[in-house]
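All remarks here apply to the structure that follows.
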Amino acid sequence: AQKITQTQPGMFVQEKEAVTLDCTYDTSDQSYGLFWYKQPSSGEMIFLIYQGSYDEQNATEGRYSLNFQKARKSANLVISASQLGDSAMYFCAMREAQTGANNLFFGTGTRLTVIP
Amino acid sequence: EAGVVQSPRYKIIEKKQPVAFWCNPISGHNTLYWYLQNLGQGPELLIRYENEEAVDDSQLPKDRFSAERLKGVDSTLKIQPAELGDSAVYLCASSLDRGGVKTQYFGPGTRLLVL
């Protein structure tokens, strides 16, 4: 079974609007971490935001926030006030503590296009 | 602070030829990762080093792939011989695994095309 599922291959958003990128995960572990990365056309994976499974509050980093719904096993990324530079691939990833390692499992990504 | 450095950025080779990729992690990061990213997919782990020790190489195709991390800093990933299906982006990442979030930081990747 896929550990990370991103069901939106592509999304469009108008500049200055907010957009939500979906991510659901599958784990039996009680302790895990969820990450979002941005990958522009240049290829580099840029870390955006992190949410720990025991964090009670949703993580926020500037214009990025993570809508963490533990019971539904979802960790959606919300980008507010979209900018043209936000156009990129976005990947959700999970780290499980039970493996004892820091290995990340990635989803297939969502391509976001910001329309001027 | 300098990020993860990878070279070359692009490589085009003919099948059956050898190829090597180099990675310099963020200074002080003890853990280094090599990922393979196929077109339209997320990265998949090939090998993870903690200092100079390869602690997880279960996904590395050992018949043609090899890696080393001499002195626990720089790392080299080699393919010999390359096959058409090896065309992909090879990403290197590093993290400081001494408590905390242990965020992985990625380099720009090497885009390999095998003809």
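Every chain is numbered from 1, with letters handed out A, B, ... down the list of sequences. Model, not experiment: these values are computed from the prediction.
By the 6.0 Å contact criterion, NZ on A/Lys73 is enclosed, its count of non-hydrogen atoms from other residues, nucleotides or ligands being greater than 12. Counting non-hydrogen atoms of neighbouring residues, nucleotides and ligands closer than 6.0 angstrom, the NZ atom of B/Lys16 reaches no more than 12 such neighbours. Other residues, nucleotides and ligands contribute over 12 non-hydrogen atoms within 6.0 Å of the CD atom of A/Gln8. Other residues, nucleotides and ligands place no more than 12 heavy atoms under 6.0 Å from the CG atom of B/Leu39. Atom NZ of A/Lys16 has 12 or fewer heavy atoms from other residues, nucleotides or ligands within 6.0 Å.
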Problem set entry | Evaluation steps, side-chain contact (heavy atoms from CB on, under 4.5 Å), between B/Tyr35 and A/Leu104 | CA-CA 10 Å; B/Tyr35 286 87; A/Leu104 289 178; 3.7 Å; yes
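For the pair A/Met45 and B/Pro43, the tightest heavy-atom approach, listed with the atom from each and the gap, is CE-CG, 3.9 Å. Minimum interatomic distance between A/Glu44 and B/Phe106 (heavy atoms only, all atoms of both residues): OE2-O, 3.4 Å.
In this structure, no portion of A/Ile4 lies under 4.5 Å from any heavy atom of chain B. With a 4.5 Å cut-off on non-hydrogen atoms, A/Gln39 touches chain B through its side chain but not through its backbone. Proximity to chain A is absent for every atom of B/Gln6, based on heavy atoms less than 4.5 angstrom apart. For B/Ser95, the part lying under 4.5 angstrom from a heavy atom of chain A is the side chain only.
Cluster annotation: B/Phe21 is connected to B/Leu46 through the hydrophobic network of ILVMFWY side chains, with a link wherever side-chain heavy atoms come within less than 4.5 Å. Cluster membership check: B/Trp34 shares its hydrophobic cluster with B/Ile79, using side-chain heavy-atom separations under 4.5 Å among Ile, Leu, Val, Met, Phe, Trp and Tyr. In the hydrophobic cluster analysis, where Ile, Leu, Val, Met, Phe, Trp and Tyr join through side-chain heavy atoms closer than 4.5 angstrom, A/Val114 is grouped together with A/Tyr90.
In this structure, the separation between CD on B/Gln104 and OH on A/Tyr37 is 5.5 Å, given to the nearest 0.5 Å. In this structure, the separation between CD on B/Gln41 and CZ on A/Phe91 is 8.5 Å, given to the nearest 0.5 Å. Here the straight-line distance linking atom CG of A/Asn103 with atom OG1 of B/Thr31 works out to 10.0 Å at 0.5 Å rounding. Remark: A/Phe35 CZ to B/Thr103 OG1 distance equals 5.0 Å, nearest 0.5 Å.
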